[in-house]
Structure formats: structure tokens, C-alpha cells
Colleague: 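Sharing a structure here in C-alpha cells format.
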Amino acid sequence: MLRFAPSPTGDMHIGNLRVAIFNYIIAKQRNERYIVRIEDTDKERNIEGKDREILEILNLFGLEYDEVYYQSHNLTIHQHMAIKMLEERKAFACFCSAEELEAERETAKESKRAYRYSGKCELLSDEDVLTNEKPFTIRLKKPVSAIEFDDIIKGRLSFAPDDIDSFVIMRADKTPTYNFACAIDDMIHDISLVIRGEDHVSNTPKQIHIRKLLGYDKDIDYAHLPVILNEEGKKMSKRDSASSVRWLFEEGFIPEAIANYLILLGNKTPKEIFTLDEAIEWFRLENVSKAAAKFDLDKLRFINREHMKLMDSKDLSRAFGFADAAIGDLAKCFLEEGSTIKEIKPKIEAIFSAKSFDNEWGEQMKILQDAIKRAPGFDSFDEFKKYLTQQTGLKGKNFFKPLRLLLTGTDHGPELSHLYPYLKSYLLEIVK
RNA sequence: GACCCCUUCAUCUAGUGGCCAAGGAUGCCAUCUUUUCAAGGUGGACACAGAGGUUCAAAUCCUCUAGGGGUCGCCA
């Protein structure tokens, strides 16, 4: 079973989306189930409705999932597991206050040492614990030997006990921390492979440690995806608008192209332009680069254009408020001039909005307008052109410029002969 | 600072000891085409981070140096 485990604490960004896509692809390849687990253990940070938004985006990309779970629903299981750890002396109550801990972190930083938990509460006697009325957290004892695992992308990784540390598994409010909830849920959902971002590598040994202490001996495979960097070479954050899936939609990028780009980025693929279904045929996690990759908006634009060319014309026309393949084909003509829905939309709108005759070609436009209104329907642009030149006596630049202005609303653009087949049934509406 | 990871054109990459005077794609520049802007065709500039080894032979193997990234929460 594969899983996508987002937290409902912010907008979906491309890093998340990439994780969702890769998990989906592998689930399809292996014919395993794919679940979405909303990691909502931090009540303070949860944002109402974000879970729906995430699921909607998944749907938009065609990333079908078998089930949706909410991590908070497993609260009692997490609590029972914590008690079990306490009983088996694998975990201990920690009465250190947030302020104390913060102070310790400060001094460690000042003396340029890595901060590690002091371990003082681990030494508390049962009596000390029972008589202490202060709120407490539960910490798991750090492992006695290094924890190693094979990452499908990064290779073999090893972490010393001190780097894992005696970390908190239950907060003072008796809810589980991320690592504890995640480790347990991956176990009870029988996850076979976890694909997630590189920012989780240091969590992985902790989660393996948790499961080991819980007695779960089945191995879970891991693949940590390199982060996506912005133009400056820093990790993409909410500050980078291009990191937001919603922003990409607003900019007129289509899901097929975004998915294509996200799979292509930092990867070896047999081709550049492909669909999600095609990727399922050949995708291999082993081919994903170990190094972080920079996000390249120009490349995305190129891919977006290619996918718009490939799109069903009638479907494409809906983006412009039509349900007519001719309009979709018309939009494809304008792919010469733009790469996104957003860039092409004004060009389609200009065709159908009222034209201004207040320019140097105004007079000729009027003449052409009259002629077109009286003209019979012509199948080919050549016949149409021939008829108009005969009727108006205009030719050359004096003919093409005003005609273009009249038909498209601008003085430059794709060749009129290319546009005409898709325009011809709308001619009267266009010149009215 | 500690731990982990990475390093081929501006960007994403091909390349696993000879086929590489390093290939493709995007972007950029030029040119052709054209009533126009573009797209398209053609051509061009641009890279093995550096230094030492190993070897008949190194982008490919080893060492060091430099640079970059990630993580260090009772967040996920």
C-alpha cells in the first residue's frame, strides 16, 4: 500500500504534488492500493477546508485514491501505543518545561554544540514521576546503536543514536507528535513504500526506531525526493509564487503539463512530453537524481504549450467559455503567440469583442465589414479573400491589415488563412 | 556549529574506463519563411567545480579542497 500524507495546514505546493504523483505512479505500477492520509494531529495549525482542497487538486490531476484517512481518528491507538512504550520502559515521562528546553537549546547554540536532550527525566524514579503533578510529555529512549536504511534514491543512510536522540512522542496535551503518529499509521496501514520529500530524511530513522520498539519487524522501503529549488537555488517556499499549485492554475498552466514537468524535473525520462499514463509505463524511482533541481518556469511554459496542442479541442474550448472544437482549434493557432490559457484567453476575447474603427485602417475596415455582412459563406479562405478583394477593390497591406483588425482585434497574429476555418461560422458575430 | 546529502552548458539532463575534440531539450543569438508578431526550419554560442593520484587511456575509479542543499520543535 502506498500513501500520500499531507497536513491540512497550508496550500498544496508543487513539492507535495510531486510526492502525490510519484506515489500514485508506483501504486499503479505495483497494483497496490493508494490512500490519502490527512495528518491533522496539530489542531492549532489545521486550516478548515484545506483537506477538501487537497483532495480536489488530486482529482484535477487524475490522481485517484482508494481511501481517505484522518490521522486524528487514530488518537486512541496512538495513546495505547504510548502507554505500551511506557510500560515496557522504552519511553519515559519528561517534565521539562518548554522554557527549560528552550534555554538548554540556547546555551548549546552559544557554545556551538549540537543540542541534545539532557536525559535528566529518564533518570526519574517511579515515585518521582507519580508524585510530580506538572504536565509531562513522553519521550522515546534513543536507540543503543546506529539505525541504517536503504533509500531507493539516496542509497544507504546511517544515523547515530545521538542524532536520533530521545525525542518526544506524546505532547503534554496527550496527542501524538508527527513522528509517532506517522510511524504507527504506516504500520497499521501496512505501507510498503514511503515516498516523501528529502526534508523527512532525518525523521525516517526515528520512525524506524519507533516501529522497532513496538515490535513491528516488517521493513518499509523509503524513497526521499530531492527538494525543488527556486531560481536563487534555495528551497522553494510559500514566498515563491510558482510553488503554489493554485498560482500555476491562475497563470493558465494545465494539470497535464504540470504533472509532466514535475515528473521530468530531476529525472531521466525516455521522452520529454508525456501523459501520466505513459509515465506509469516506464517511471523508475531509481532514475530520480540525488541532487536538488531548480524550478524552470520557461521549461514548464514549453511543456504547457505542447500539452495544449495535444488536448482535445472541445475540452480546450471550455477554458474560454465555449463548447466547440473549432474554438479549441482556434486557440491552438494562438499557441504560436502564447503558452498558457491565461495568455491566449485575451486573444480569443479580442476576436469576439466589438472592434474599434478609430485607427488608420478604420475606413477600410468599414468597407470590409459591409462586404462581409453581405457575403455568402465560403469554405476556404482563398474564396473568401477573392470575394472580398473583388467587392472592395482593396489589396496588399490595405487589405490584410484592416481585415486582420476586423477579424482578430489586433494588428498582428497568426496567419489569417490558418484562422479562417475556425472563424468562418462565427463571421457575422465577429464583425457585427 | 552538528548530522545527512549533492556537484556535466544559464536550466533539466545523456554519459557507469576507450564509440566524448562531451549528446539532447528549454532558454538565448543569428538566419530563412512571412502583409505582421510569433511559431516552424536551419545554424550558433554555452558545461565535465578545482587539485592530486590510479591507468596505455578518466566526465567516468580513489583522495583532498572548494561550493551548494537539507535537517537539527511538545510543526508536519
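Below, chains carry the letters A, B, ... as their sequence lines are ordered, and counting in each starts from 1.
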Colleague: Could you tell me whether T9(A) contacts a base, only the sugar-phosphate backbone, or nothing, with contacts defined as non-hydrogen atoms closer than 4.0 Å?
Modeller: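 T9(A): no heavy atom of the nucleic acid under 4.0 Å.
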Colleague: Which one, C12(B), U7(B), C74(B), comes nearest to the side chain of A293(A)?
Modeller: C12(B)
Colleague: Consider the side chain of L265(A), meaning its heavy atoms from C-beta on, and name the nucleotide among C12(B), U36(B), C5(B) that approaches it most closely.
Modeller: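 Output: C12(B).
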Colleague: Can you check whether K268(A) has a side-chain N or O nearer than 4.0 Å to OP1 or OP2 of A14(B)?
Modeller: yes
Colleague: In whole angstrom, what separates I303(A)'s CD1 from U13(B)'s P?
Modeller: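 About 12 Å, once rounded to whole Å.
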Colleague: How about R211(A) and D186(A): do any of their side-chain heavy atoms sit closer than 4.5 Å?
Modeller: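 The answer is yes, as the side chains (C-beta and beyond) meet within the 4.5 Å cut-off.
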Colleague: Under the ring pair (Phe, Tyr, Trp, His ring centres under 6.0 Å) criterion, do Y387(A) and F378(A) qualify, and how do the steps go?
Modeller: CA-CA 9 Å; Y387(A) 174 83; F378(A) 293 107; 5.1 Å; yes
Colleague: If only side-chain N and O atoms count, and only distance matters, is there a donor-acceptor pair under 3.5 Å linking E278(A) with T275(A)?
Modeller: yes
Colleague: Step by step, work out the ring pair (Phe, Tyr, Trp, His ring centres under 6.0 Å) result for Y261(A) and F295(A).
Modeller: CA-CA 9 Å; Y261(A) 180 68; F295(A) 187 85; 5.3 Å; yes
Colleague: What's the closest nucleotide to the side chain of A172(A) if the choices are U11(B), C4(B), C74(B)?
Modeller: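 When the side chain of A172(A) is considered, C74(B) is the closest of U11(B), C4(B), C74(B).
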Colleague: Which nucleotide in the list U26(B), A76(B), G1(B) gets nearest to the side chain of K299(A)?
Modeller: U26(B)
Colleague: Please state the P separation for the pair G43(B) and C48(B) - nearest whole angstrom.
Modeller: 25 Å
Colleague: Does atom NZ of K238(A) have more than 12 heavy-atom neighbours from other groups under 6.0 Å away?
Modeller: no
Colleague: Among G15(B), G27(B), G69(B), which is the nearest nucleotide to the side chain of L229(A)?
Modeller: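 So the nucleotide nearest the side chain must be G69(B).
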Colleague: More 5' along RNA chain B: D40(A) or V227(A), using each one's nearest nucleotide?
Modeller: V227(A)
Colleague: OH of Y261(A) versus C1' of A25(B): gap in Å, rounded?
Modeller: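 Those two atoms, OH and C1', are 12 Å apart.
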Colleague: Reading RNA chain B from 5' onward, which residue's closest nucleotide shows up sooner: K234(A) or H200(A)?
Modeller: K234(A)
Colleague: Once you apply a heavy-atom cut-off of 4.0 Å, does E415(A) come out as touching a base, just sugar-phosphate, or nothing?
Modeller: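 Here E415(A) touches the bases of the nucleic acid.
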Colleague: Can you tell me, in whole Å, how much space there is between the C1' of G27(B) and that of U34(B)?
Modeller: 24 Å
Colleague: So, under a plain 3.5 Å distance rule, would you say the side chain of D163(A) forms a donor-acceptor pair with the base of A2(B)?
Modeller: no
Colleague: May I ask you to say what S289(A) touches in the nucleic acid, namely base, sugar-phosphate or nothing, with a heavy-atom cut-off under 4.0 Å?
Modeller: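 S289(A): backbone/sugar contact only, no base atoms under 4.0 Å.
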Colleague: For nucleotides G53(B) and U60(B), find the distance between their C1' atoms and express it as a whole number of Å.
Modeller: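 Result for the C1' pair: 15 Å, nearest Å.
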Colleague: Nearest-Å distance, CZ (F302(A)) to C1' (A39(B))?
Modeller: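 It is 12 Å, rounded to the nearest whole Å.
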Colleague: Between A58(B) and A21(B), how far apart are the P atoms? Round to whole Å, please.
Modeller: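 A21(B) and A58(B) have their P atoms separated by 12 Å.
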Colleague: Can you tell me the Watson-Crick or wobble partner of C28(B), both distances under 3.5 angstrom?
Modeller: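 Looking at the geometry, C28(B) pairs with G44(B).
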Colleague: Any side-chain N or O of T410(A) below 4.0 angstrom from OP1/OP2 of U36(B)?
Modeller: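 False: T410(A) side-chain N/O out of range (4.0 Å or more) of U36(B) OP1/OP2.
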Colleague: Using a heavy-atom cut-off of 4.0 Å across all strands, would you classify S158(A) as base, sugar-phosphate, or nothing?
Modeller: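 S158(A): backbone/sugar contact only, no base atoms under 4.0 Å.
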Colleague: Specify the separation, in whole Å, of atom CD of E198(A) and atom P of A76(B).
Modeller: 20 Å
Colleague: Distance check needed: C74(B) P versus Y115(A) OH, whole Å only.
Modeller: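 Value for this atom pair: 7 Å.
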Colleague: Assign G233(A) to base, sugar-phosphate, or nothing according to its heavy-atom contacts below 4.0 angstrom with the strands shown.
Modeller: sugar-phosphate
Colleague: Please state whether the phosphate of C3(B), meaning OP1 or OP2, lies under 4.0 angstrom from any side-chain nitrogen or oxygen of R113(A).
Modeller: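 Answer is no, no contact under 4.0 Å.
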Colleague: Parallel under 30°, tilted from 30 to 60°, perpendicular over 60°: which one fits the rings of Y69(A) and H189(A)?
Modeller: tilted
Colleague: Would you say K401(A) reaches U35(B)'s phosphate, i.e. side-chain N/O to OP1/OP2 under 4.0 Å?
Modeller: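 Indeed not, no polar side-chain atom of K401(A) lies that close.
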Colleague: Taking CZ from R196(A) and P from U71(B), how many angstroms apart are they, rounded to a whole number?
Modeller: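 Answer to the nearest Å: 13 Å.
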Colleague: Can you figure out which of A39(B), U35(B), C5(B) approaches the side chain of R305(A) most closely?
Modeller: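 Within the option list, the nearest is A39(B).
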Colleague: Remember a base hit wins even if backbone is also touched, and classify R105(A) as base, sugar-phosphate or nothing at under 4.0 Å, heavy atoms.
Modeller: sugar-phosphate
Colleague: If you only use heavy atoms from C-beta on, which nucleotide in G27(B), C4(B), A76(B) is closest to the side chain of D298(A)?
Modeller: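 So the nucleotide nearest the side chain must be G27(B).
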Colleague: Looking at the side chain of L101(A), which of A25(B), C74(B), G69(B) is the nearest nucleotide?
Modeller: C74(B)
Colleague: When both hydrogen-bonding distances must be under 3.5 Å and the geometry is Watson-Crick or G-U wobble, what is G67(B) paired with, if anything?
Modeller: C6(B)
Colleague: Taking atom C1' of U36(B) as reference, at what distance in whole Å does atom NE2 of H418(A) sit?
Modeller: 14 Å
Colleague: Counting only side-chain heavy atoms from C-beta out, which of U11(B), U36(B), A76(B) sits nearest to D296(A)?
Modeller: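 Between U11(B), U36(B), A76(B), the one nearest the side chain of D296(A) would be U11(B).
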Colleague: Using whole Å, report how far OH of Y70(A) lies from C1' of A76(B).
Modeller: 16 Å
Colleague: Run the ring-centre check on Y65(A) versus Y34(A) and record whether the distance is less than 6.0 Å.
Modeller: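 No, ring centres 6.0 Å or more apart.
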Colleague: Looking only at side-chain N and O atoms, does K235(A) come under 4.0 Å of OP1 or OP2 in U71(B)?
Modeller: yes
Colleague: Kindly point out which of C5(B), A76(B), G1(B) is positioned nearest to the side chain of K154(A)?
Modeller: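 So the nucleotide nearest the side chain must be C5(B).
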Colleague: Going by purine N1 to pyrimidine N3 plus the second Watson-Crick contact, or the G-U wobble pair, all under 3.5 Å, which nucleotide sits opposite A59(B)?
Modeller: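 Base partner found: none.
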Colleague: Should L419(A) and F334(A) count as side-chain neighbours, where that means a heavy-atom distance under 4.5 Å?
Modeller: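 Counting from C-beta outward, L419(A) and F334(A) do come under 4.5 Å.
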Colleague: Between A30(B) and U63(B), how far is it from one P atom to the other, in whole Å?
Modeller: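 Approximately 47 Å lies between the P atom of A30(B) and that of U63(B).
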Colleague: Contact class for T269(A) (heavy atom, under 4.0 Å): base, sugar-phosphate, or nothing?
Modeller: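 Answer is nothing: T269(A) stays at 4.0 Å or more from every strand.
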Colleague: Using the benzene-type ring in the case of Trp, are the ring centres of Y420(A) and F384(A) under 6.0 Å apart?
Modeller: yes
Colleague: Which base sits across from U33(B) as a Watson-Crick or G-U pair, both distances under 3.5 Å?
Modeller: none
Colleague: Please classify the nucleic acid contact of N267(A) as base, sugar-phosphate, or nothing, using heavy-atom distances under 4.0 Å.
Modeller: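 Answer is sugar-phosphate: N267(A) comes under 4.0 Å of backbone atoms only.
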